[in-house]
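This one's a predicted model, so the numbers in the text were calculated from it and none came from an experiment. If you read the sequence from its start, that first residue is 1, and numbering goes on from there.
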Amino acid sequence: MLVLALASGAAVACDAPDGAAGIRQGIVGWINESRRANGLPSLKVSDALQRSATAHACDMAAKGYFSHTGPGGSTFTRRLKKAGYKFSAANENIAQTQSASVDSPAGLWRNSSGHWANVLDPKVREVGVGVAVAGGKVYWVTNSGSR
């Protein structure tokens, strides 16, 4: 599946794994199950956060890097603003795996205190998930926030 994402002001084409929509839904489902199990409300999918997360996953895949900061200096907050998301609270999780299974990033994020804190952040109410593939690697991004 070919995905077009807006990264650094230009459209970037990237490949998404087969079944990407279901995979994104699976990540949102895992996040919401984890939140409910910890007494927190579920997150709603935000189109703006989805655009931001997808653009960053595509950028990492297209340029072959893995970082919260893009090679041109793009930052999480700049990407959110570019996507039109005016936030009062926000966070980002990224992962790089060999498998397009929901369990791959979920396991990494569950076992990292900082990433797990982002999943359970009580200040956020919305989420977007990006997933892209390149060179045998799967790039994952979740952007969560509140307006």
I94 side, atom CD1; N118 side, atom CG - distance, nearest 0.5 Å: 11.0 Å

What distance do W140 atom CH2 and L108 atom CG have between them, rounded to the nearest 0.5 Å? 10.0 Å

Parallel, tilted or perpendicular for H115 and W109, by the 30°/60° rule? parallel

Side-chain heavy-atom pair S144, D121 within 4.5 angstrom cut-off: no

Distance, nearest 0.5 Å, that separates CZ of F76 from OG1 of T69: 11.5 Å

Quick check: do V141 and T54 have side-chain heavy atoms less than 4.5 Å from each other? no

Could you tell me whether the side chain of D59 reaches within less than 4.5 Å of the side chain of P71, counting heavy atoms only? yes

Not counting sequence neighbours, list each pair that qualifies as a salt bridge (Lys or Arg N to Asp or Glu O under 4.0 Å) and has a residue in residues 128-147. E126-R147

To the nearest 0.5 Å, what is the distance between CZ on R110 and CH2 on W116? 4.5 Å

Would a distance-only check, ignoring hydrogens and angles, find a side-chain to backbone donor-acceptor pair under 3.5 Å from N93 to T142? no

For the residue pair M60 and S67, establish whether any side-chain heavy-atom pair is separated by less than 4.5 Å. no

Looking only at atom types and distance, does a side-chain atom of N143 sit under 3.5 Å from a main-chain N or O of A53, one as donor and one as acceptor? yes

Measure the CD-CG distance between E92 and L80 for me, rounded to the nearest 0.5 Å. 7.5 Å

Between S52 and A48, is there a donor-acceptor pair closer than 3.5 Å when you use the side chain of the first and the backbone of the second? no

Side chains of V138 and S104: does their closest heavy-atom pair fall under 4.5 Å? no

Would you say the side-chain atoms of S146 pair up with the backbone N or O of R125, donor to acceptor, closer than 3.5 Å? yes

